[in-house]
Amino acid sequence: MSNPKVSLLVPCYNISDVCEKFFVSLLNQTYDNLEIVLINDGSNDNTEDVLLENKEKLEQRGYEVKYIYQDNKGLGGAINTGLKAFTGEFLCWADPDDFFEPNSFELRVNYMTEHPECAIVSSDAYIYNNNEKRLLSLSFPHNSEKDQFKLLLKKESMFCSGCHMIRVSAFEKVNPERDIYEYRRGQNWQLLLPMYYYYERHFLNVPLYNYVVYENSMSHINETYEEKIQRNNEHKDVIIETLNRMKLSTGDKKKILQNVDRIYNKINLEYSYTERNKSEFKKYYKICKNNNSVTHRDFIKKIMILFR
């Protein structure tokens, strides 16, 4: 069996206290031909010292390691830098406060090698939250479906960064410039949406990654209503920016953008109902009614509860 190079992009910002398990998991991989691109995104703690120390260990293990320092741009900007630097046949990306299972790269490479038609493969993961461990797939019931594009638009496709491996030849067909919209909070929509639009997603029903939710992380913070709306609108903007970079027919693009508008206004409507914000609920209910994303029957019970 061939031994293709796998490139792993690792955006790093002030991660010196949370990355030990990540680097240990890389050292314990059963697959040897790894290129690891460490992007120090303007850290102001001792992240650089930790990265350079681990760079030496990874190189002693036999991996090819690149270290890049840049002024802070956020996750999207760090990944964008890494996209210009990697040289592998397959591409992965991961957060350094998570960690891999030992056979993570080996099983994905084996699948991609045995299925040359496969452009992207994703795996299950364990999620650790408040000392609880569960399978991430329990939150995403449609993993067996190969068409993940519409599911991802609705946030119903597995989103965890370390779960995915992309065939670079396919990626460069949909993104020849290797350039994504630099959203400070993330990179997954920008990388996955174009791949899911043009290619089927294959799924390995085995947990190969470990996603850790920390108390001070964006995934754990109790957001206010205003922050939820802002974050949802930011996500919508990222999707629109990504779609604008894709080569879509005018008709397809119009339909997709209309669908995105319906999806995200409906999410805001749900937020306003949950927060019992009557004025905001009225605003988003009117928008959703006008774009046919809800019917009166859908929300008659909620309206009665909210305004009784």
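Everything numeric here is computed off the predicted structure, so don't read it as measured data.
The shortest side-chain heavy-atom distance between F22 and F100 falls under the 4.5 Å cut-off. A heavy-atom distance below 4.5 Å is not found between the side chains of Q190 and N175.
Between Y196 and H164, the ring planes are perpendicular. Angles over 60° get that label, and only those under 30° would be called parallel. Ring geometry for F281 against Y273 counts as tilted: the plane angle lies between 30° and 60°, on a 0 to 90° scale.
To the nearest 0.5 Å, the span separating CG on L152 from CD1 on I239 amounts to 7.0 Å. In this structure, the separation between CD on E132 and CD1 on I127 is 10.0 Å, given to the nearest 0.5 Å.
A salt bridge is defined here as a Lys NZ or Arg NE, NH1 or NH2 lying under 4.0 Å from an Asp or Glu carboxylate O, and E270 with K266 fails to meet this definition. In this structure, D97 does not pair ionically with K21, as no charged nitrogen and carboxylate oxygen lie closer than 4.0 Å. Ion pair K236/D261 flagged as a salt bridge, since at least one NZ, NE, NH1 or NH2 atom sits closer than 4.0 Å to an Asp/Glu carboxylate oxygen. Here E234 does not pair with R231 in a salt bridge; the nearest charged N to carboxylate O distance is not below 4.0 Å. The pair E59-K55 counts as a salt bridge, with a side-chain nitrogen and a carboxylate oxygen less than 4.0 angstrom apart. Ionic pairing of E275 and K228 is present here: one or more N-O contacts between side-chain nitrogen and carboxylate oxygen are shorter than 4.0 angstrom. A salt bridge is absent between E145 and R201; no separation between the charged side-chain nitrogens and carboxylate oxygens falls under 4.0 Å.
When Q187, E182, K73 are each tested for a side-chain contact (heavy atoms from CB on, under 4.5 Å) with I79, only one passes: Q187.
Under 3.5 Å, the side chains of E280 and S272 contain no donor-acceptor pair of N or O atoms. Neither side chain, N143 nor N205, offers a donor N or O lying under 3.5 Å from an acceptor on the other. Side chains of E226 and Q230: a donor-acceptor N/O pair is absent below 3.5 angstrom, by distance only. With hydrogens and angles left out, the side-chain atoms of Y67 and E48 include a donor and acceptor closer than 3.5 Å. Side chain to side chain, N40 and T47 fail the donor-acceptor criterion of an N or O pair below 3.5 Å. A side-chain donor-acceptor contact under 3.5 Å links N210 and E101.
With hydrophobic clusters built from ILVMFWY side chains whose heavy atoms lie under 4.5 angstrom apart, M246 shares a cluster with M195.
With ring centers used as reference points, Y264 lies 6.0 Å or more from H235.
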For residues 251-259, please give each side-chain donor-acceptor pair under 3.5 Å, one per line with the distance, not counting sequence neighbours.
{"unit_1": "D252", "atom_1": "OD2", "unit_2": "Y197", "atom_2": "OH", "d": "3.1"}
{"unit_1": "D252", "atom_1": "OD2", "unit_2": "S249", "atom_2": "OG", "d": "3.4"}
{"unit_1": "K253", "atom_1": "NZ", "unit_2": "N244", "atom_2": "OD1", "d": "2.9"}

